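In what follows, a single structure is set out as C-alpha cells and then discussed.
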Amino acid sequence: MSEQIICKNAALGYEDGIVTEGLNFTVNSGDYLCILGENGSGKSTLIKALLGLKPQISGEIKWCGGFSAKDIGYLPQQTPVQRDFPASVREVVLSGCLSKMGFFPFYRAAEKKLAKDTMKQLGIESLENKCYRELSGGQQQRVLLARALCAASRMLLLDEPVTGLDPHAQTELYELVAKLNKSGISIIMVSHDIASAVKYASHILHISKKQLFFGKTSDYLNSPVGKKYIEGWGNENE
Amino acid sequence: MSELISTLQYYFSYPFVRYAMIVGLLVALCASLLGVTLVLKRFSFIGDGLSHVAFGAMAAAAVTGITDRMIIIMPVTVLSAVLLLRTGKNTKIKGDASIAMISVSALAIGYILMNVFPVSSNISADVCGSLFGSTSILNLKSGDVWLCFIMSAIVLIFFTLFYNKIFSVTFDESFSKATGINSDLYNLMIAVVTAVIIVIAMNLVGSLLISALIIFPALSAMRLFKSFKSVTICAAIISVVCAGLGIILSILLSTPVGATIVAADLAAFLVFSGISTVCARK
Ligand SMILES: Nc1ncnc2c1ncn2[C@@H]1O[C@H](COP(=O)(O)OP(=O)(O)O)[C@@H](O)[C@H]1O
Ligand SMILES: [Mg+2]
C-alpha cells in the first residue's frame with residue numbers, strides 16, 4: 001500500500017470565495033474512495049483540484065510515488081462539447097489512449113485493440129462509427145467512460161458517473177468499477193447514491209463547507225455524520 | 001472549349017502564373033487544415049485579428065524600407081497570436097474585445113503609416129493590394145515560392161504528427177490536461193502555426209480575405225460530415241479545389257484572384273448547405 005495522493009489542509013474555491021476547506025485525506029494505491037456531499041459542496045471542484053486543473057487556494061495536494069497524470073483516467077461531470085462538434089465514438093474513445101503514447105504520433109495496434117475491447121465491455125461497439133453528439137445522454141456517458149477507462153492505468157476519477165444511466169446500466173457500471181478496483185486501479189468517485197457508495201467503497205470522504213468525515217466505510221456507517229446522512233437519504237427516497 | 005484551354009495554356013506558360021497556382025493550392029490546403037481546429041475552438045475570430053496585425057506589420061516594414069519584410073511581419077504576427085490566445089482563454093468577453101481592439105488598431109496604424117510615409121505614389125492601390133491581395137499573388141518570385149513551399153511542408157508535418165493530440169485538445173481540453181497531455185504547448189503551437197499561415201496567405205488573398213480561407217472550408221465540411229477525420233479531409237479537398245478553380249476563373253474572367261477564390265469557397269458552402277438540408281428532410 002503506497003500513498004498516491006496526499007491532501008493536507010487544502011482550501012478550494014473560485015475568485016468569489018472559498019467553497020470548501022480543511023480537507024485532509026490520503027489516497028493509497030488500491031483504495032476505492034467515494035466523495036459524498038450536497039449539491040454545490042465542492043465535489044467537482046475537489047476532483048479538478050486533484051487533477052491539477054484548478055489550483056487550491058491554500059494547503060497542499062501532493063502526488064506521490066512516481067504517480068503522474070499519465071496514469072489517470074477521468075470522467076468529467078459535464079463535458080461542454082459544442083453542439084456541432086464532429087467526432088465519431090471511435091475517435092473519442094481512442095483519444096483516451098493518447099496519454100500512454102508519449103510523443104508517438106499515431107495509434108498503434110495495441111491502442112486500437114484497447115479501445116475496441118473497452119467499447120465491447122461497455123456495450124457500445126455498435127455505436128463505433130456514430131457521431132458522438134447525436135447519441136443519447138446515457139450513450140454519451142458510456143463513451144466518455146470508455147475513454148476514461150482507456151486512459152486509466154493506475155487511477156480512475158469519476159464525477160457522478162451513473163447520471164443518465166438506467167438502473168440496470170448503473171449496476172453494471174458499479175460492478176465494472178469494482179472489478180477494475182480489484183485489479184489494482186485506485187478509484188475516486190463522486191456519487192449521490194449512498195447505498196452503492198457504502199456497498200463498494202473502501203473509504204468515504206464527506207464534504208460540505210468543511211470536511212465532515214474521512215475514513216473507512218465501516219467507520220463512516222457508525223459516525224454521527226454518516227448516520228444522519230444515511231437517514232436523511234432514506235427519508236428523501238421514501 | 002479549345003479556346004479556353006489554349007488561353008489557359010498561354011497563361012500557364014508564364015512562370016508567375018504557375019507560381020501563383022502552386023502557392024495558392026498550398027496555402028489553401030494549410031489554411032483549411034488549421035481552420036477545422038480554429039472553428040471548433042471558437043477561435044475563428046483570431047484569424048481575422050491576426051491578419052490585420054500582419055497588415056499593420058507589413059505597413060511598418062514598408063516604412064522602414066527593409067527589403068525582407070518577413071523579418072518584421074513574421075515575429076510580430078506570431079507574438080500577437082500567442083498573446084491573443086492567452087487573453088482569449090482567461091475571460092471570454094475580454095478576449096473577444098481585445099482581439100477586436102488589437103485588430104482595428106493595427107489596421108488603423110498600418111493605414112496611417114502608409115499615408116504618412118508613402119512608398120509609392122498610388123496609396124489607395126497599395127492599401128487595396130495588401131487588404132485584398134489583388135496583385136501580389138501575380139508578383140511572386142521563385143524565392144517566395146520556395147519559402148511558401150517550406151512553410152507549408154512544416155505546417156503539414158506539424159498537422160500530421162500532432163493530429164490526434166490536436167483532436168483531443170480541441171474536443172475536451174480539461175480531459176487532455178487531466179491525463180497529462182500538455183495542452184498549453186499544443187495551443188501555443190496552434191497559435192504559432194496560425195500566424196505563419198496567415199502571413200503566407202496574406203500574399204495570396206490579402207489580409208481581409210484570409211479568414212474566409214480559414215473558415216469556409218471547415219464550415220462547409222461540417223455541414224455534411226460527422227467525424228473529425230472526414231471533416232478534416234473534406235475541408236482540405238474543398239479548399240484546394242476552390243483555390244484552383246478560383247485562380248483559373250480569375251484568369252479567364254480577369255477578376256481579382258483573392259476575391260474569386262473566396263467566391264468559390266462561398267459557392268461550395270452554399271452547395272454543401274443545400275445538400276445537408278435536402279438530406280435532413282428525407
Ligand atoms: N467555474 C466556476 N467559477 C465560479 N464558481 C464556481 C465554478 N464552478 C463551480 N463554482 C461554484 O463552486 C461551488 C461548488 O461547485 P461544484 O464543485 O460543482 O459542486 P458539486 O460538484 O459538489 O455539486 C458551487 O457553489 C458553484 O457555484
Ligand atoms: Mg459536481
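Sequence lines set the chain letters: A, B, ... in the order given, protein chains first and strands last, and positions in each chain run from 1. Computation of the quantities below employed the complete heavy-atom set of this structure, encompassing side-chain atoms and omitting hydrogens, waters and symmetry-equivalent molecules. Remember, predicted model here, so these are calculated numbers, not experimental data.
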Among the options [options], pick out the one with the most heavy-atom pairs lying under 4.5 Å from chain B.
options: A:P105, A:A69, A:P86; value: A:P86
options: A:A148, A:S88, A:A87; value: A:A87
options: A:A152, A:S68, A:S95; value: A:S95

Working to the nearest 0.5 angstrom, can you tell me the gap between [X] [atom1] and [Y] [atom2]?
X: B:D172; Y: A:R147; atom1: CG; atom2: CZ; answer: 4.5 Å
X: B:K226; Y: A:K130; atom1: NZ; atom2: NZ; answer: 11.0 Å
X: A:L53; Y: B:E173; atom1: CG; atom2: CD; answer: 9.5 Å
X: A:I47; Y: B:S174; atom1: CD1; atom2: OG; answer: 12.5 Å

Contact class of A:I72 relative to chain B, heavy atoms under 4.5 angstrom: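 Both parts, backbone and side chain.
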
A:V92, part contacting chain B, at a heavy-atom distance under 4.5 Å: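 Contact with chain B involves both backbone and side-chain atoms of A:V92.
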
Answer yes or no: does atom [atom1] of [X] have more than 12 heavy-atom neighbours from other residues, nucleotides or ligands under 6.0 Å?
X: A:E38; atom1: CD; answer: no
X: A:Y14; atom1: OH; answer: yes
X: A:K70; atom1: NZ; answer: yes
X: A:K116; atom1: NZ; answer: no

Heavy-atom proximity to chain A below 4.5 Å, by part of B:F225: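 Contact with chain A involves the backbone of B:F225 alone.
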
B:T232 versus chain A, the contacting section by heavy-atom distance below 4.5 Å: neither

A:F103 and B:F162 aromatic ring geometry - parallel, tilted or perpendicular at 30°/60° bounds: perpendicular

Aromatic plane relationship, B:F171 with A:F85 - under 30° parallel, 30 to 60° tilted, over 60° perpendicular: perpendicular

Nearest heavy-atom neighbours spanning B:K229 and A:E91: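 Result for this residue pair: N-OE2, 2.9 Å.
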
B:S168 to A:L98 - nearest heavy-atom pair and separation: CB-CD1, 3.3 Å

Pairs of heavy atoms under 4.5 Å with chain A: top-ranked of B:G180, B:A221, B:A178, B:S230: B:A178

